[in-house]
Amino acid sequence: MAGFLLKIFAWFLESRIIGALLLYIVKKNNQVHKLVSNATLEEPPMFVPLHPITDLNQQEVKQIDSDASPPERVQQAIKCVPVTSDKSLDLKSSCFRRWTIADYSRAYSTGEITPLRVAEHFIDAVRESCSPPLPMSFFINSDAEDILRQATESTLRYERGNPISALDGVLIAIKDEIDCYPYPTTGGTKWLHKFRPCTGDACCVMRLRSCGVILVGKTNMHELGAGVSGINPHYGPIRNPYDPKKICGGSSSGSAAVVSSGLCPVALGVDSGGSVRMPASLCGVFGFKPTFGCIPHSGVLPLNWTVGTVGILAATLDDAFIVYAAISGDLPSHKPTTLPVSTSSIRSVKPMQDHQPFKRKLIMVPNRVRIHPKVQFPLLNSTKPISNIRFAKYGEWFNDCSDEIRICCSNALNLLCDHYKWKTVGVTIPDIESMLLAHYVTISSECSTSLSSHMEKLNRQMQIHNNIFAMADVIVAPTTGRTAYSIVDDALKTGEVDCINGAALIRYQIAGNFLGLPAVTVPVGYDKAGLPIGLQFIGKPWSEPTLMHVAYAMQALCISEYRKPKVFYDLLHKS
């Protein structure tokens with residue numbers, strides 16, 4: 001539904017008598033009552049998907065000092081990635097590729113171009129992207145004056161020969177769900193920032209800033225992260241650079257689009273239900289969601305605090321790894337986040353006889369921090385590839401997508417296994433639909449209660465996945481069940497409700513969030529319309545190094561086939 005029909009539906013839902021009946025029917029049709037009322041579970045509830053840190057004996061890794069600063073961690077990460085042979089800014093080759101962090105760093109260091117000049121190109125490109133007839137709506141806020149100030153400071157550091165790190169002068173965009181001062185944090189709304197002013201940087205943004213990054217603004221997103229299309233009626237629909245008439249996916253829509261279009265090599269998003277991986281897949285870039293608790297959540301809107309985590313969208317796996325190195329790791333303190341919560345209209349679900357509304361109170365949400373004494377980085381530049389990797393593949397689930405995606409992802413997986421002599425293990429993952437429904441209940445409840453900590457989640461799926469990981473190293477599946485669909489005109493002013501396409505997009509996302517598992521999507525091909533297709537790898541808790549090795553291997557086999565989007569900006573060569 002979209003347009004006038006959606007407005008009528010919302011009006012009925014908000015009416016006291018008809019709304020209650022209509023809501024009951026919708027819940028029943030979606031089996032919500034069946035799950036909540038009839039569930040018989042022996043396992044205890046799991047409130048937060050935190051995992052104990054165990055030694056996984058991962059291959060080809062490097063131990064890093066856990067006390068290292070973000071610039072020091074970036075330097076260590078640079079030593080783990082291959083050194084490209086390109087010595088100048090020359091992309092005159094048969095295959096398309098986006099500029100990377102290494103390209104920008106090398107260009108700045110050699111004096112071929114300055115951060116200030118790149119910033120000027122960026123500002124011009126953003127201005128051009130906003131022009132009719134199809135404005136791309138990449139950003140909610142972007143301050144040219146602030147960007148030029150940061151770029152000038154970075155240029156001076158390079159002129160003096162003392163850049164802070166390889167990220168110095170690199171343009172990075174931030175999803176408007178993450179605090180980045182002095183921009184307001186709107187969450188894609190027109191009102192939230194008025195009640196929750198941004199007074200400083202989120203921890204992840206602070207760490208990027210300490211590395212010399214140029215923070216270029218707050219990217220557009222699906223309102224409150226509550227959808228998968230990226231159609232925002234307040235700030236415009238974020239359009240797909242491969243076809244501006246198609247969606248980007250959501251909710252980190254603008255972050256995926258700015259990377260896909262060449263405006264930034266990296267952007268930050270937040271992944272609560274595939275919100276990084278879905279748009280990354282639809283826009284033909286890499287989307288990386290780390291293990292729950294791996295990146296501090298301080299300064300991020302607590303919309304879905306038990307399933308969401310900061311994620312990274314990048315032009316290459318190398319770039320995702322470098323930024324991951326900068327922003328991951330423990331906080332120096334475990335101070336909680338406190339937010340005022342109005343819960344006057346919220347009633348307890350359990351026990352059934354308790355119908356007293358909660359009182360207004362302060363909810364304490366601890367920063368999700370784990371003590372991680374052993375920090376490991378993947379040696380992506382190792383001449384010895386990791387061996388004996390086993391992929392868990394649930395055939396019925398893997399194939400529950402369009403024929404083009406099924407064929408493309410199957411071919412990519414076969415190519416990967418044949419090239420590296422890796423194996424695929426057939427598995428069954430029961431109760432996938434129940435987990436999907438439980439996740440819907442969780443994210444909708446957490447968002448609507450605005451930080452009520454009373455929502456329980458089920459522990460059954462965690463044990464199921466632990467059993468799978470006893471047989472295999474990585475679970476593999478398509479990232480989405482379909483490619484990007486068209487933006488309808490009726491949705492431009494009101495947004496839309498599209499459960500059919502939404503279900504197809506979110507089908508393979510839930511385990512990563514509901515169970516707190518790390519996951520990464522890799523571009524592996526295109527459909528007949530030229531729209532990108534992604535293949536997703538889901539790893540064991542804290543197996544980021546192995547996951548990156550696998551994704552890097554897949555990238556190496558597919559990168560020569562990557563295609564240039566219809567909307568693309570070459571910031572190192574103004575064109």
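Everything numeric in this text was worked out from a predicted model, so none of it was measured.
M278 CE to L505 CG: the interatomic distance, rounded to the nearest 0.5 Å, is 6.5 Å. Annotation: the span from R98 atom CZ to C264 atom SG amounts to 12.5 Å, rounded to 0.5 Å. A distance of 8.5 Å separates CG in L313 from CG in L268, rounded to the nearest 0.5 Å. We find the CD1-CD1 distance between I231 and I238 to be 8.5 Å, quoted to the nearest 0.5 Å. Rounding to the nearest 0.5 angstrom, the gap separating the CZ atom in R106 from the CH2 atom in W99 is 8.5 Å. Atoms CG and CG, on N381 and L379 in that order, are 6.0 Å from each other to the nearest 0.5 Å.
In this structure, a donor-acceptor pair under 3.5 Å is absent between the side chains of K62 and Q376. Side-chain N/O atoms of W422 and D473 include no donor and acceptor closer than 3.5 Å. Residues K175 and S255 have side chains that never bring a donor and an acceptor to within less than 3.5 angstrom of each other. A side-chain donor from one of E72 and S69 sits under 3.5 Å from a side-chain acceptor of the other.
Residues Y104 and L572 form a side-chain contact, since some pair of their non-hydrogen atoms from C-beta on lies under 4.5 Å apart. You'll find the side chain of Q150 stays beyond 4.5 Å of the side chain of V216, heavy atoms only. Between I113 and H121 the shortest side-chain heavy-atom distance falls below 4.5 Å. For the pair C204/M206, no side-chain contact is recorded, criterion being any heavy-atom separation below 4.5 Å from C-beta on. A 4.5 Å side-chain heavy-atom check between T54 and W542 finds every atom pair outside the cut-off. The shortest side-chain heavy-atom distance between L148 and E120 falls under the 4.5 Å cut-off. For the pair T100 and R97, the minimum side-chain heavy-atom distance is below 4.5 Å. Looking at L263 and V126, their side chains come closer than 4.5 Å, going by heavy atoms from C-beta outward.
Using modelled atom types, one side-chain atom of N513 and one backbone atom of G274 make a donor-acceptor pair closer than 3.5 Å. A donor-acceptor pair is defined here as one N or O able to donate and one able to accept, closer than 3.5 Å; no such pair exists between the side chain of N240 and the backbone of A484. Panel note: side chain H222, backbone G230; a donor-acceptor pair is recorded below 3.5 Å. In this structure a side-chain-to-backbone donor-acceptor pair under 3.5 Å is missing from D168 to S154. Side-chain N or O atoms of S281 include none that pairs as donor or acceptor with a backbone N or O of T480 at under 3.5 Å. Remark: side-chain polar atoms of S252 are not paired, donor with acceptor, to backbone N or O of G269 under 3.5 angstrom. A donor-acceptor pair under 3.5 Å is formed between the side chain of T155 and the backbone N or O of L116. Formation of a donor-acceptor pair under 3.5 Å by the D319 side chain with backbone atoms of A314 is not found in this model. No side-chain donor-acceptor contact under 3.5 Å links R239 to the backbone of M136. For the pair S260 (side chain) and A256 (backbone), a donor-acceptor distance under 3.5 Å is absent.
In this structure P478 satisfies the side-chain contact (heavy atoms from CB on, under 4.5 Å) test together with F398, C401, I405, C409, Y508, sequence neighbours excluded. Among residues two or more places apart in sequence or in another chain, the ring pair (Phe, Tyr, Trp, His ring centres under 6.0 Å) test is passed with Y158 by Y108. Applying the side-chain contact (heavy atoms from CB on, under 4.5 Å) test to S328 and every residue at least two apart in sequence or in another chain returns R73, C294, I295, Y324. For D201, the salt bridge (Lys or Arg N to Asp or Glu O under 4.0 Å) partners at least two apart in sequence or on another chain are R209. Applying the side-chain contact (heavy atoms from CB on, under 4.5 Å) test to S543 and every residue at least two apart in sequence or in another chain returns L56, Q58, P518, K540. When the ring pair (Phe, Tyr, Trp, His ring centres under 6.0 Å) test is applied to F377, the partners found at least two apart in sequence or on another chain are F321. Residues forming a ring pair (Phe, Tyr, Trp, His ring centres under 6.0 Å) with Y181 (at least two apart in sequence, or on another chain): none. H234 pairs by the side chain to side chain donor-acceptor pair (under 3.5 Å) definition with E223, not counting sequence neighbours. Shown here are the side-chain contact (heavy atoms from CB on, under 4.5 Å) partners of L192, two or more places apart in sequence or in another chain: T189, L224, L301.
Pairs engaging residues 261-280 under the salt bridge (Lys or Arg N to Asp or Glu O under 4.0 Å) rule: D271-R277 [sequence neighbours left out]. Screening residues 543-566 for salt bridge (Lys or Arg N to Asp or Glu O under 4.0 Å), with sequence neighbours left out, gives no hits.
The shortest non-hydrogen separation linking T219 to G254 is CB-C, 3.7 Å. Here the closest heavy-atom approach between residue V258 and residue A173 is recorded as CG2-CB, 4.1 Å. In plain terms, the two heavy atoms of A257 and C248 that are nearest each other are CB-SG, 3.8 Å. Summarising the geometry of C211 relative to A326, their closest heavy-atom pair is SG-CB, 4.2 Å, with the distance given to 0.1 Å. Nearest heavy atoms, T521 versus G534: OG1-CA, 3.8 Å. Of all the heavy atoms in K289 and T309, the pair that sits closest is CG-CG2, 3.5 Å.
Ring orientation note: the planes of Y569 and F138 are nearly perpendicular, at an angle over 60° on the 30°/60° scale. Using cut-offs of 30° and 60° for the angle between ring planes, the F537 and F391 rings count as tilted.
For N162, the CG atom is densely surrounded, since the number of other residues' heavy atoms within 6.0 Å is greater than 12.
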Would you please test D146 and R149 for side-chain contact (heavy atoms from CB on, under 4.5 Å) and show each step?
CA-CA 5 Å; D146 183 62; R149 177 190 60 77; 2.8 Å; yes
Run V48 and F292 through side-chain contact (heavy atoms from CB on, under 4.5 Å) and show every step you take.
CA-CA 9 Å; V48 178; F292 182 89; 3.2 Å; yes
Step-by-step side-chain contact (heavy atoms from CB on, under 4.5 Å) determination, I101 to D103
CA-CA 5 Å; I101 290 171; D103 292 322; over 6 Å; no
Derivation of the side-chain contact (heavy atoms from CB on, under 4.5 Å) call for V276 and V270:
CA-CA 6 Å; V276 163; V270 179; 5.8 Å; no
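None of D176, D143, D179 except one satisfies the salt bridge (Lys or Arg N to Asp or Glu O under 4.0 Å) rule with K218; the exception is D176.
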Tabulate below the donor-acceptor pairs under 3.5 Å that side-chain atoms of residues 549-559 make, not counting sequence neighbours, or state none.
from	atom 1	to	atom 2	distance (Å)
H549	NE2	E60	O	2.8
Q555	OE1	L317	N	2.8
Q555	NE2	D318	OD1	3.1

